[in-house]
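The sequence lines fix the lettering, A, B, ..., with proteins before strands; numbering per chain opens at 1. These numbers come from the heavy atoms of this one structure, side chains and all, not from hydrogens, waters or symmetry mates. All of these numbers come straight from a predicted model, not from anything done at the bench.
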There are 2 protein chains.
Amino acid sequence: MPRPTIQDVARAAGVSKSTVSRVLNGVEDYVDANTRRQVEKAIAELEYRPNALARSLITKRSLAVGLLISDVANAFYHPVIHGVEQIAIEAGYDTFLCNTNYEVERGLHFIRSLMSKNVDGVLIMSSSVSDEWIAELARHNVPTVALDWKPNISEGPLGVIAVDFAAGIQQAVEHLVNLGHCRFVHVAGPLNLPTSLLRYEAFLRALAWHDIPAADVALLEGNLQFEGGQRVLTRLLELSPRPTAVFAANDLTALGLISGARERGLRIPDDLSVVGLDDIALADQSSPPLTTIRLPKLEIGRSAMQMLLTLMHSDGAACPVHEALVKSSFVERQSTAAPRS
Amino acid sequence: MPRPTIQDVARAAGVSKSTVSRVLNGVEDYVDANTRRQVEKAIAELEYRPNALARSLITKRSLAVGLLISDVANAFYHPVIHGVEQIAIEAGYDTFLCNTNYEVERGLHFIRSLMSKNVDGVLIMSSSVSDEWIAELARHNVPTVALDWKPNISEGPLGVIAVDFAAGIQQAVEHLVNLGHCRFVHVAGPLNLPTSLLRYEAFLRALAWHDIPAADVALLEGNLQFEGGQRVLTRLLELSPRPTAVFAANDLTALGLISGARERGLRIPDDLSVVGLDDIALADQSSPPLTTIRLPKLEIGRSAMQMLLTLMHSDGAACPVHEALVKSSFVERQSTAAPRS
DNA sequence: TTGTATGCGTTATCAC
DNA sequence: GTGATAACGCATACAA
């Protein structure tokens, strides 16, 4: 037996489809109390549920949004996802979670799939935003909010959650310099991502402020993942002179570095100070607990979804690109100490 | 400008909708090579993408499946999700990932939402499967595969991935007994879940095999989460006589126990041996690395999706409930040792 | 207050 | 090979 349709309900209640439709969406549309009860009874008995496809085919809205992230296994996204879902559920929206797996191609596939399913908006919380994604969405006028993306468009249903890394990085650098460090490395994310360079430059600026020249800071490329950190440690050890402090583009990389260091018998923080970025849950459970720069992850998720709601509801009005700024802050734990030498 | 429809393409190519539809789904349906190129050109120029809603409204298939899990933040699910997506993508299916947040109500909401979106099947990889969910899906004939669920129905488009905990638990118990332990605790998941009792009973049976009476093994209730493990440690310490070894229902709980123990100055494994279950990625990065029982997580995801494909394609044929068994195995690391006393 | 008719964007069943 | 035309399940303008 196939699922009952609105027609079946109408028959069972002895009314027409439109009447059923009215009690279904019944806001202000007056329908007689008696017939309403008839219809509700029929709905309950048949366990009727409206077909969301048919409905959104005609209303042009699906009460659903897409949420793209790079990797569910990356703990950074967990509070973000949670924050998004909090607001979404409150507002009656379903969220489709899509794992891009750090692949541009995969993300594009999801975006097309989401659009073909008429989602009302898309959240791109992936650290590896592709301009191509945004372009595709903008061209089709789909409300979109992206995390940490430099808008090169100034108009449309677009929003950006910008992260002010500078503040936290400043404090971290001050901390390291005060400890007496003077040879640094930055292990960046993939260098083709704009955000990778932004973090690196903020690091350089903060160091310059303390009269440390760019020449004293090496740059290595990681992949924002744990095993990337492990791997890159080998190359870090080949650096000469050996750096005493490393700033990783994210906590996962930092934890990978620590793990790799331990395997080689190095002691953290005595032989190497490590600073991460994100402050994922793991950061203070690791050993040693990770000194890091905290991003307000739950808030990022919440305000992104909030902003998306605004965009979706300000239907069509040609608005400028929305922007929100969230701040970072420094968290001192035990993966940093004065250099030994 | 709204998204172009099949009609727009037809006009642009100077043909009818039907022809466009043919090249779209073009299997072996003969369409003149010339007109085909005309149509493809128009499609490319308009960047036309078929509306998945309208399509599945008539085909009754959406090429999408729902994937319910308890919590994206629980690392156990990451390889499972990955495995599901591997097979799904291969087969051309999209997956909708839904976070039940360990709440029955939320899961039910998702299931209804998925059904109303005409998903072709549902995967319930949540550790807290509700019979109500399965009933709802079965009643509407939606192909479903559940993890670790005791079927009380014998027919329908249903599949079960059963986990053989016994083997791994046996080995773990043997390991502990050989070390000289004789006073045990089990920190279970929520006791209203059937799977919680199954693990507990398997533990008791394995101990009985070594002539350890049920009286010597205490039972505490956790919640399968890290902080639950931390919390329950307090109650563990109040036990008298103090147990020397604890078997946790999952790794998260075990890691929470270890974290709680460390806070109170206990040393693991000297003061307390801890065995987990799952073997999540974190397990061998923790300190000390966690002795645990490994579940083949990727395989669980892969075979679940594989089974779902089978169910979805064996359309309507009244088949018995499919069942697959995956095995557990013991992994010795460093959170277990001989008791001190 | 309720019913009828039309259309959303597809695929499917016919004719041609 | 190709083009009308009828569904699919629903919402909605309009008529009653």
Reading 5' to 3' through nucleotides 11-16 of chain D, protein heavy-atom contacts under 4.0 Å coded B for base, S for sugar-phosphate only, - for none: BBB---
Using the C1' atoms of five pairs at each end, what's the angle between the two axes of the helix from dT1(C)-dA16(D) to dC16(C)-dG1(D), to 10 degrees? 40°
Under-4.0 Å salt bridge between Glu136(A) and Arg139(A): yes
Heavy-atom check, side chain of Arg55(B) versus side chain of Leu24(B), under 4.5 Å: yes
Val31(A) side chain, from C-beta outward: closest of dG9(D), dG3(D), dT2(C): dT2(C)
Testing dT10(C), dT4(C), dG9(D) for proximity to the side chain of Thr5(B), the answer is dT10(C)
Please round to the nearest 0.5 Å and tell me the distance separating atom CD1 of Ile87(B) and atom CG of Leu123(B). 11.0 Å
Hey, does Arg3(A) reach any base, or is it just sugar-phosphate, or nothing, if we go heavy atoms under 4.0 Å? nothing
What is the nucleic acid contact for Ser56(A), judged by heavy atoms within less than 4.0 Å: base, sugar-phosphate only, or nothing? nothing
How many Å lie between CZ on Arg61(A) and C1' on dC8(C), as a whole number? 16 Å
Would you kindly say whether Asn118(B) and Ser56(B) are connected by a side-chain donor-acceptor distance under 3.5 Å? no
Quick one: do Ile134(B) and Trp149(B) satisfy side chain to side chain contact (heavy atoms under 4.5 Å, CB included)? Show the steps, please. CA-CA 10 Å; Ile134(B) 313 265; Trp149(B) 173 75; 3.6 Å; yes
Nearest to the Thr35(A) side chain among dT10(C), dG9(D), dT2(C), which nucleotide is it? dT2(C)
First locate atom CD1 of Ile111(A), then atom NE2 of His140(A), and finally report the distance between them rounded to the nearest 0.5 Å. 10.5 Å
Going by the rule ring-ring contact (aromatic ring centres under 6.0 Å, His included), which residues pair with Tyr77(A) if we only count those two or more places apart in sequence or in a different chain? none
Are side-chain N/O atoms of His109(B) and Asp94(A) paired as donor and acceptor at under 3.5 Å? yes
